Every structure is written in C-alpha cells, then in structure tokens.
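Note sheet for the following structure.
Atoms within each ligand, like the ligands themselves, are counted from 1 in listed order. Since the model is a prediction, treat every value here as computed from it, not as a measurement. FYI, side chains are in, hydrogens and waters are out, and symmetry mates aren't considered; it's all heavy atoms of this structure.
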Amino acid sequence: MIRFWGWRGPISPLIYLSSNLLSLAGVAIVTTAAVFWMFLLPTTLSGEITHPYIGILVFLAVPAAFFFGLALIPLGIWLRQRREHRKGLYPTSFPPSNWQNRELRRLVYFVGATTFANLVIASQVTYGAVNYMDSVTFCGQTCHTVMQPEFTAHQNSPHARVACVACHIGPGASWFVRSKISGTGQVFAVLLNNYPRPIPTPVSNLRPARETCEVCHWPAKFGSDRLEVIPSFADDEANTLTKTVLLMKIGGGASGTGIHGVHVGAGVRIRYAYSDQARQTIPWVEYSGRDGRTTVYQAAGTKGPGALPIREMDCIDCHNRPTHIFQLPERAVDSAMAAGDISPSLPFVKKESVEILRGNYASREEAAARIPAALAGYYRQHYPALEQQRGPEIARASRALVGIYDRNVFPAMRVSWGTYPNNIGHNDFPGCFRCHDDAHASADGRKITQDCGACHNLLAMSEPSPKILSDLGLADAAK
Ligand code: HEC
Ligand code: HEC
Ligand code: HEC
Ligand code: HEC
Ligand code: HEC
C-alpha cells in the first residue's frame, strides 16, 4: 500500500481519490469553461453584448458549466472514498496530518492557489452575469415574445436610453434582491410557458415610483407650464385638419401649485381605494394637504374604503406609460399624418387607415402582408387613376401603417389596441377623471374639481387654424 502511494506522488489521498470518472469530468468541464471564458473575454470587455443569445452563452451558460464542473470534483472524491470504505479498499495509513508533512503542505498550497484562481474567474463571471441580467438586452429581448410589447414601446419612447432596471428595480441592495427572487419565478413561468398573456398591468410589486423616477426627475425641478398642440385629422375625404392647443399647468417645485405641486408636492399625501385590479375605478380618496388638513372624498353612492386595497398615489398613478407608450389607431394615424409619413392629401386616408389598423390579423406577418394590400386595394377600387399616379405615396403610407401596427399590437401576447390604459388625460381612458369626475365629494360638499381650466388652459379646441398659434408664430406647429 505504502509503495502504491509513493509513485502516486505527493498530494497523496486527493490525487488518488480524484482519479475517478466524475471528478475527471469535472476537471475537464471547469478547464473548458475557463478557456471559453478567456476567449470570450475580449467580447465581454468591449462593451455591452447586444445579441441576446451570445449574452446567454457568455454570462449564463459558461458560468453554469464552470460551477457545475467545480462541484463534480469533490462529489467524485467523496463517492469514491465512500465506495472504497464500504469495500474495505480504502488505505488505512496516511502520513501524519501536521505541518511537517510535506504532502499536506503541498495540498494546502495547491488548494489555495486553485481557489484563488477560481475566485478571480468566478467573480468576473458572476459580475458579468449580474450586469447582463440588468441590461436592456436581457430584460427586453431574451424572452422575446413575453417582453416584446414593452421592449418595442420602450425603444420608441423618451426613455429609450434608460435601462429597464432603472425604473423596475432602482438603486439599493434590498430591491435588487427582491427583483432577483421574483425574477427567478418569472424565468420558470417562461420555461413552463404558463405566464399570463397579456402581462397584467399595473405591476403589483413595482417599487414606489418616488424612489426610482426621482433619481432623475426631482419634484422641486418641474415648474413651467407646457404648451401642447394636438393635431387631429377628420374622417372626411379631405382629412380636414384641426388643432387643439392646451397650456398644461404642470407646476410643482417649492410653490406646491399646479398638477405636480397638488399631488406630489412636499407635504402632500394622497391615498385612494380601488375596486378593480387595473385601478381604473376609485371610489374613495383621502387628501392630506400642505396645511395639514385631511379631506376624504367619496364617489357618489359609495361608503368608505371598506375592505378595498388602499394605495398611496405616486408618479405612476398618472405616468403609468412613461415608456411603454401604446397608441390608439386614431392618434397614431394623426401623428403619422402630421409627420408626413402618411400623406394627408390622399382622399379618406385617415378613415381608411384607422379601419385597416383595427382589422383582425392572426399574426404580425399576416398584418404585414394584408395591410398594404388593403390600402392599395381601396384606392384601386375607388380612385383608380390616383392609384396609378401616386403608387409610391400609397406604399409609403402602407409602411407607416405596418409600423404603427407593429409598435402597438402583439397577437402572440394578446396585446391589442387599448389593452394598456394610459392614465394621463381623460379622452381615451378615464385617467384624471377617475377622481376628477365631479362625483367625488367630501362630507362638507367640496368636490374634486372637473373645472376645464384647473389642469390646462384650453387655448383652442379643434380649430382649423387657431389664432393663438399664429400669435405665437407657431402656425405650422403639430405636437
Ligand atoms: C421610465 C421607466 C421605465 C423603464 C425604463 C421601463 N419600464 Fe417597464 N414599466 C414602467 C411603468 C411605470 C410601468 C407600469 C407600472 C404600473 O402601472 O404599475 C411598467 C410596466 C411594465 C410591464 C408590465 C406591463 C405593462 O405594460 O404595464 C412590463 C412587462 C415591463 N414594464 C417591462 C419592461 C422592460 C422589459 C423594460 C426594458 C426594455 C422596461 N419595462 C423599462 C416603467 C419603466
Ligand atoms: C435614468 C434616468 C431616468 C429615470 C429613472 C426616469 N426618467 Fe423620465 N426622463 C429621463 C430623461 C433623460 C427624459 C428626457 C427625454 C427626452 O427629452 O427625450 C425623461 C423624460 C420624461 C418625461 C417627459 C416625456 C415627454 O414626453 O417629454 C416624463 C413624463 C418622465 N420622464 C417620467 C418618468 C417617470 C414617471 C419615471 C419613473 C417611472 C421616470 N421618468 C424615470 C430620464 C429618466
Ligand atoms: C396627478 C397626475 C401626475 C402625477 C402624480 C405626476 N405627474 Fe408628472 N405630469 C403630469 C401631467 C399631466 C404632465 C404634463 C405632460 C403631459 O400631459 O403628458 C406631467 C409632466 C411631467 C414631466 C414632463 C415635464 C415637462 O416639462 O415636460 C415629467 C418629467 C414628470 N411629469 C415627472 C413626474 C414625476 C417624476 C412624478 C412623481 C414624483 C410625477 N410626474 C407625478 C401628471 C402627473
Ligand atoms: C386618485 C385620485 C386623483 C387622480 C387620479 C387625479 N387627481 Fe388631481 N386631485 C386629486 C385630489 C384629491 C385633489 C385635491 C382636492 C383638494 O384640494 O382637496 C386634486 C387636485 C388637483 C388639481 C388642483 C385643482 C384645484 O383647482 O385646486 C389639479 C390641477 C389636478 N388635481 C390635476 C390632475 C390631473 C391632471 C390628473 C390626471 C393626470 C389628476 N389630477 C388625477 C385627486 C386625483
Ligand atoms: C384633472 C385635470 C383635467 C381636467 C379637470 C380637465 N382636463 Fe382636459 N386634459 C387633461 C390632461 C392631463 C390632458 C392630456 C394632455 C396630453 O395629451 O398630454 C387633457 C387633454 C384634453 C384635451 C385634448 C384631447 C386630445 O385630443 O388629446 C381636450 C380637448 C380637453 N382636455 C378638454 C377638457 C375639457 C373640455 C374639460 C372640462 C370638462 C377638461 N379637459 C378638464 C387634464 C384635465
């Protein structure tokens, strides 16, 4: 036996025990993963990985293999030791285990050195993995069907350069851990294919917006009123254009006035009870103002919050679509026409476009084929001469329509026109009028106002050429 050890070399039992299939496989896997990792290092260091599958390989598959291999080595050793103990083959005498034992010393050095090397590799690998899981690529594209609606909308929004995690997780360790825990559940839901379609809104466990949005937008900053010009094309042959001009009283800052000052200004707290999952029906509102007074407003015919869930109002009760902005077909076509992507001189183009967009298509591919055919077909049938002369313009309009469809309708996720309500405004969805409906009253008879001048000055309403715009030198302005 002793002689057997002799030629086996200095790191006696370990080397002996580790020459088993499982541990050797582990060693092979670890080395392969390490080599792979080194080869991928230049890609990793050169910046964000933009292809989701390369990302999965670099940051998830390679590290997983590395740690799997690492775990196999001691497992093989342990299994072999147990097996040989059972059969009585395990050597009984090893050199004494003290620091004078050269073999033991070497073993300690060896383990120390490999652990160090592994730590260096592992720290790099996990750091990369964590960063990758926080990237827009991972959030938006890895599970592409699931996140496609939100990812597409995000890419076309004012926040296209803001990472998903800036709003969905925000700064600090505790929300980071919470998100990783709920994220694991979501990954399983995707693997098992039992995630909800569409993904429900609101996000039930979203971090309070004031801890995320205010990293970039601080309430003391907003203030100035904002002029909004909203173009609208009619359903007639001439697609008659009218404009609505509003001066939004955004307010805020230290003054505590305007829309922001009243709801999220310093010292203000609004709580409300909602009776549907989407928070579209709000029977009870409690307002604690800057003067320290608390007023309760009750929708007509309802009593107290009862057992309803209560929520503290924050940014996303109005800005629930700061980045996942889905449009309704009328609005989307208006913007495309105002931008010139759909020529307003094509007869009935507004009416036809909206009808075509509202059609039923089983998939995006089907829509991409049928939408252009439908528009061209309409002009061929009703305006044959025009179809001949202005083919390219009609084709351009069709491309704009397909683009609008692709940004807003996702049959695979059952997301269609209006699936996700937008709480800013009151024309397309209840929005502000969930509370400001002139039906929420306090015990002393005050109401949450529906006064048309409270939130905006209506400078012009659906006028062909609003005087205010020419006074301001903005006669050509669209939104
Ligand atoms: C500017 C902040 C912001 C960014 C950036 C952002 N989101 Fe969101 N997200 C929101 C808000 C706000 C909601 C709605 C929350 C609510 O109403 O409870 C939301 C909702 C969602 C929902 C639920 C469905 C829905 O539309 O309401 C999903 C899924 C989602 N986001 C995924 C993503 C992904 C993926 C990214 C990155 C590509 C991303 N988000 C980037 C703010 C953001
Ligand atoms: C990482 C920084 C960052 C975070 C976090 C962030 N935003 Fe923004 N937001 C911006 C920037 C930058 C712009 C300006 C974009 C532009 O002008 O094109 C902007 C623009 C906006 C606008 C104006 C959009 C428009 O149409 O002009 C609104 C509203 C807004 N953000 C709301 C929010 C809300 C609500 C949240 C939290 C859910 C949030 N933001 C989180 C950086 C951020
Ligand atoms: C009561 C509803 C409401 C709440 C709550 C609210 N906002 Fe706004 N906010 C608005 C409206 C309305 C506008 C005007 C822009 C529009 O109509 O789209 C606006 C505009 C903005 C703008 C664009 C400002 C500009 O000058 O163009 C930013 C940024 C913004 N909000 C951030 C926030 C943040 C951050 C919070 C939370 C601290 C918040 N808002 C809370 C209703 C609200
Ligand atoms: C959850 C209910 C709720 C929603 C939703 C809501 N508000 Fe309010 N709002 C209130 C309450 C409560 C008050 C204050 C009433 C008081 O002064 O006691 C208020 C006051 C205001 C005021 C001041 C009115 C005045 O003359 O003093 C403005 C402006 C305003 N809201 C704008 C908006 C806008 C714009 C939206 C939608 C983007 C909106 N609100 C959505 C509850 C709400
Ligand atoms: C509680 C605040 C509030 C009150 C009260 C209010 N509005 Fe508005 N209104 C808004 C907001 C917010 C928008 C959205 C602006 C935007 O699109 O960014 C809006 C948009 C509009 C628009 C533009 C519609 C479009 O095509 O986009 C019109 C018109 C309008 N309001 C008319 C009225 C009239 C008329 C009244 C009185 C009955 C009224 N509003 C009361 C907050 C209010």
Sequence neighbours excluded - side chain to side chain donor-acceptor pair (under 3.5 Å) pairs with any residue from residues 273-284 = Gln280-Asn423

Provide the closest heavy-atom pair for [X] versus [Y] in the form atom of the first, atom of the second, distance.
{"X": "Ile259", "Y": "Cys455", "value": "CD1-O, 3.8 Å"}
{"X": "Tyr405", "Y": "Pro411", "value": "OH-CG, 3.7 Å"}
{"X": "Arg370", "Y": "Asn360", "value": "NH1-O, 3.4 Å"}
{"X": "Cys318", "Y": "Asn422", "value": "O-OD1, 4.4 Å"}
{"X": "Pro200", "Y": "Pro196", "value": "CD-CG, 3.5 Å"}
{"X": "Arg197", "Y": "Ala412", "value": "CD-O, 3.4 Å"}

Which atoms from ligand 1 have a heavy atom of [X] less than 4.0 Å away?
{"X": "His159", "value": "1 (C)"}
{"X": "Val162", "value": "5 (C)"}
{"X": "Pro202", "value": "16 (C), 17 (O), 18 (O)"}
{"X": "Pro322", "value": "12 (C)"}
{"X": "Leu206", "value": "15 (C)"}

Side chains of [X] and [Y], heavy atoms from C-beta outward: is any pair under 4.5 Å?
{"X": "Val229", "Y": "Leu474", "answer": "no"}
{"X": "Tyr420", "Y": "Asn320", "answer": "no"}
{"X": "Ile424", "Y": "Met248", "answer": "no"}
{"X": "Met413", "Y": "Gln148", "answer": "no"}
{"X": "Val349", "Y": "Phe233", "answer": "no"}

For ligand 1, which part of Asn320 has a heavy atom less than 4.0 Å away: the side chain, the backbone, both, or neither?
-> both

Should the proximity of Ala163 to ligand 1, defined as any heavy atom under 4.0 Å, be assigned to the side chain, the backbone, both, or neither?
-> backbone

Return yes when Ala166 approaches ligand 1 closer than 4.0 angstrom through a heavy atom, no otherwise.
-> no

Are Pro198 and ligand 1 in contact, using a heavy-atom cut-off of under 4.0 Å?
-> no

Check each atom of ligand 3 against the heavy atoms of [X] and keep those under 4.0 Å away; list them by number with element.
{"X": "Asp314", "result": "5 (C)"}
{"X": "Glu228", "result": "15 (C), 16 (C), 17 (O)"}
{"X": "Cys213", "result": "35 (C)"}
{"X": "Glu214", "result": "38 (C)"}

Using a 4.0 Å heavy-atom cut-off, say whether Cys315 meets ligand 3 through its side chain, its backbone, both or neither.
-> both

Only pairs under 3.5 Å count here: list side-chain donor-acceptor contacts from residues 154-167, not counting sequence neighbours, and write none if there are none.
residue : atom : partner : partner atom : Å
His154  : NE2  : His159  : O            : 3.2
His154  : NE2  : Val162  : O            : 2.7
Asn156  : ND2  : Thr152  : O            : 2.9
Ser157  : OG   : His154  : O            : 3.0
Ser157  : OG   : His159  : N            : 3.0
Ser157  : OG   : Thr323  : OG1          : 2.7
His159  : ND1  : Pro322  : O            : 3.2

Sphere of radius 2.8 Å around atom 8 (Fe) of ligand 1 - protein N, O or S atoms inside | His168 NE2, His324 NE2

Look only at interatomic distance and state if Arg321 has a nitrogen or oxygen under 3.5 Å from any nitrogen or oxygen of ligand 1.
-> yes

Salt bridge present between Asp334 and Lys350 (N-O < 4.0 angstrom) = yes

Would you call Asp317 and Arg311 a salt bridge, taking side-chain N to carboxylate O under 4.0 Å as the test?
-> yes

Ignoring hydrogens and angles, state whether a donor on the side chain of Thr201 or Arg321 is under 3.5 Å from an acceptor on the partner side chain.
-> yes

Can you produce the list of protein nitrogen or oxygen atoms under 3.5 Å from a nitrogen or oxygen of ligand 4, alongside each distance?
residue  : atom   : partner : partner atom : Å
ligand 4 : 7 (N)  : His263  : NE2          : 2.8
ligand 4 : 7 (N)  : His436  : NE2          : 2.8
ligand 4 : 9 (N)  : His263  : NE2          : 2.8
ligand 4 : 9 (N)  : His436  : NE2          : 2.9
ligand 4 : 18 (O) : Tyr297  : OH           : 2.4
ligand 4 : 31 (N) : His263  : NE2          : 2.9
ligand 4 : 31 (N) : His436  : NE2          : 2.8
ligand 4 : 40 (N) : His263  : NE2          : 2.9
ligand 4 : 40 (N) : His436  : NE2          : 2.7

Would you say Arg226 has any N or O atom under 3.5 Å from an N or O of ligand 3, going by distance alone?
-> yes

So, do Phe433 and His426 have ring centers that fall under 6.0 Å from each other?
-> yes

